[in-house]
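Notes follow the structure.
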Amino acid sequence: RHCSLLGCNLQDNRANLHPLWKGEIDVPGGSRQSPINIRIRDSVFHPQLAPVHTQYDPNTCLHIWNNGYSFFVEFDDSTDKSIVSGGPLENPFRLKQFHFHWGRNNDWGSEHTVDSRVFPAELHLVHWNCSKYRTFEEAIMEPNGLAVIGVFLKIGKQHEKLQKLVDILPSVRYKDALTEFNYFDASCLLPSCVDYWTYSGSLTTPPLTESVTWIIMKKPIEVDHSQLAVFRSLLFTAVGEEEKYMVDNFRPLQPIMNRTVHSSFE
Ligand SMILES: NS(=O)(=O)c1ccc(CCCCO)cc1
Ligand SMILES: [Zn+2]
């Protein structure tokens, strides 16, 4: 099913989400769509790629809400208190929100893959280019408007600092629910290893705009199976609608076209 770059509505997009859908969804006119499979042997080591530096102020954490696609933890982006800089970025970008993508079981769920390896979930920390644009909404429409840090999740030991978030998820079970959520340090969700891949891509949900510098961390973080099970208890649907569990909210792989993935490590 084709959807125009901006005309793709959620229903279409969700139609693409059925795990049996293995095809690639080409967006007419799209030359830098996300997610992609990262082929390690095709990536090019870039010695000038410095580590990515995050400076997040836990007091900028505002609330958590279910937008019917994922749950978003949103931050106050009216100052430079929570920023990412360095790496492939020419200037600091402000943290706007983070969210996850996951599967109906632990066999799949991530958006990006590494040598075709799928992870059970993927975290996206979404930042916008506050040096060039005035608002997030403006930045998502611009070629170098966003920087998204992707972190793979794998099943392992419990992630203790994630538990504060997991415990509040039942309060945003339904689409459009919002709950206050304060004092959370998002840097606890980053792996200790600084190695990453970076490439030019797009949003993976509508409006699918080609505005993202992707920074994909090489090492996953560990969560335990019961933490991920709580993600799957959320609903795509609003109160009063026929309940549909929020699972498989990932986009299928997109063609790499003529892009190069750079690595910060050899
Ligand atoms: N999965 S993602 O990181 O590419 C991503 C990030 C941010 C948005 C926000 C779109 C807002 C429309 O008002 C959508 C998708
Ligand atoms: Zn995402």
Side-chain angles (χ1 to χ4, degrees), residues 3-14 16-17 25 27 30 32-38 52 54 62-75 77 82 84 89 93-103 108-113 118-130 133-153 165 175-176 178 186 189-190 196-217 220-221 228 231 234 236 246-254 259:
C3 47
S4 73
L5 198 54
L6 299 181
C8 190
N9 66 47
L10 190 56
Q11 197 50 41
D12 278 358
N13 208 289
R14 199 179 305 160
N16 302 338
L17 292 180
I25 311 306
V27 182
R32 50 175 281 194
Q33 289 289 297
S34 294
I36 60 168
N37 175 44
I38 295 167
V52 168
T54 56
L62 293 173
H63 54 251
I64 176 170
W65 72 295
N66 176 334
N67 78 330
Y69 197 81
S70 181
F71 63 88
F72 284 23
V73 177
E74 293 213 296
F75 291 80
D77 62 345
S82 291
V84 62
L89 305 174
F93 284 53
R94 278 185 199 164
L95 176 65
K96 172 70 178 173
Q97 50 105 321
F98 69 77
H99 64 273
F100 297 81
H101 303 262
W102 60 90
W108 62 72
S110 65
E111 298 214 297
H112 292 88
T113 57
V118 180
F119 290 82
E122 184 173 332
L123 159 67
H124 289 158
L125 293 142
V126 182
H127 313 74
W128 60 277
N129 192 336
C130 50
Y133 308 109
R134 285 179 306 104
T135 65
F136 171 70
E137 286 71 21
E138 182 188 345
I140 65 173
M141 306 310 284
E142 301 298 330
N144 54 6
L146 298 185
V148 182
I149 300 177
V151 181
F152 295 115
L153 274 63
L165 178 54
K175 179 174 184 285
D176 300 328
L178 180 143
L189 298 175
L190 293 169
Y196 63 88
W197 293 282
T198 183
Y199 79 97
S200 298
S202 74
L203 299 179
T204 65
T205 68
L208 300 172
T209 42
E210 299 185 335
S211 55
V212 183
T213 297
W214 279 97
I215 297 166
I216 307 288
M217 303 313 290
I221 58 170
L228 216 41
F231 285 23
L234 296 178
F236 279 128
M246 185 180 275
V247 294
D248 295 337
N249 57 356
F250 57 87
R251 190 189 191 194
L253 291 173
Q254 301 298 305
R259 288 179 282 182

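For reference, positions follow the sequence shown, starting with 1. When a ligand or atom number is given, it counts from 1 through the structure's own listing order. Every value quoted in this text rests on a predicted model; they were computed, and no experiment measured them. Just so you know, these numbers use all the heavy atoms, side chains as well, and skip hydrogens, waters and symmetry mates.
- For H99, the heavy-atom gap to ligand 1 drops under 4.0 angstrom.
- Applying the 4.0 Å criterion to heavy atoms of H101 picks out, from ligand 1, the atoms 1 (N).
- Near Q97, meaning under 4.0 Å from any of its heavy atoms, are these atoms of ligand 1: 7 (C).
- You'll find the side chain of L89 reaches within 4.5 Å of the side chain of I215, heavy atoms only.
- Between I149 and V52, the closest side-chain pair of non-hydrogen atoms falls below 4.5 Å.
- For atom 11 (C) of ligand 1, the nearest non-hydrogen atom of the protein is I140 CD1, 4.1 Å.
- Looking from atom 9 (C) of ligand 1 to the surrounding protein, the closest heavy atom is F136 CZ, 4.1 Å.
- For atom 14 (C) of ligand 1, the nearest non-hydrogen atom of the protein is T205 OG1, 3.1 Å.
- In this structure, atom 4 (O) of ligand 1 lies nearest to the protein heavy atom T204 N, 2.9 Å.
- Here W102 pairs with F71, F231 under the ring pair (Phe, Tyr, Trp, His ring centres under 6.0 Å) rule; sequence neighbours left out.
- Proximity of V84 to L95: side-chain heavy atoms (C-beta onward) are nowhere separated by under 4.5 Å.
- Not one N or O of W214 is nearer than 3.5 Å to an N or O of ligand 1, by distance alone.
- Residue pairs satisfying the side chain to side chain donor-acceptor pair (under 3.5 Å) criterion with at least one member in residues 138-151, sequence neighbours excluded, are listed as follows: Y133-N144.
- When only non-hydrogen protein atoms are considered, atom 8 (C) of ligand 1 lies nearest to L203 CD2, 4.0 Å.
- With contacts defined as side-chain heavy-atom distances shorter than 4.5 Å, the pair L146/F93 does not qualify.
- By the 4.5 Å heavy-atom criterion applied to side chains, W214 and V148 are counted as neighbours.
- Within the protein, the N, O or S atoms lying under 2.8 Å from the Zn ion (ligand 2) are H99 NE2, H101 NE2, H124 ND1.
- Counting only N and O atoms by type, the side chains of T213 and Y199 include no donor and acceptor under 3.5 Å apart.
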Could you list the donor-acceptor pairs under 3.5 angstrom formed between side-chain atoms of residues 118-128 and any protein atom two or more places apart in sequence or on another chain?
| unit_1 | atom_1 | unit_2 | atom_2 | d |
| --- | --- | --- | --- | --- |
| E122 | OE1 | E111 | N | 2.8 |
| E122 | OE1 | H112 | N | 2.7 |
| E122 | OE2 | H112 | ND1 | 2.8 |
| E122 | OE2 | H124 | NE2 | 2.7 |
| H124 | ND1 | H99 | NE2 | 3.4 |
| H124 | ND1 | H101 | NE2 | 3.0 |
| H127 | ND1 | L125 | O | 3.1 |
| H127 | ND1 | A147 | O | 3.0 |
| H127 | NE2 | Y56 | OH | 2.7 |
| W128 | NE1 | D77 | OD2 | 2.9 |

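- Without hydrogens or angle criteria, R259 side chain to S200 main chain gives a donor-acceptor distance under 3.5 Å.
- You'll find the side chain of L208 reaches within 4.5 Å of the side chain of R251, heavy atoms only.
- Each of the following atoms of ligand 1 lies closer than 4.0 Å to a heavy atom of H124: 1 (N), 2 (S), 3 (O).
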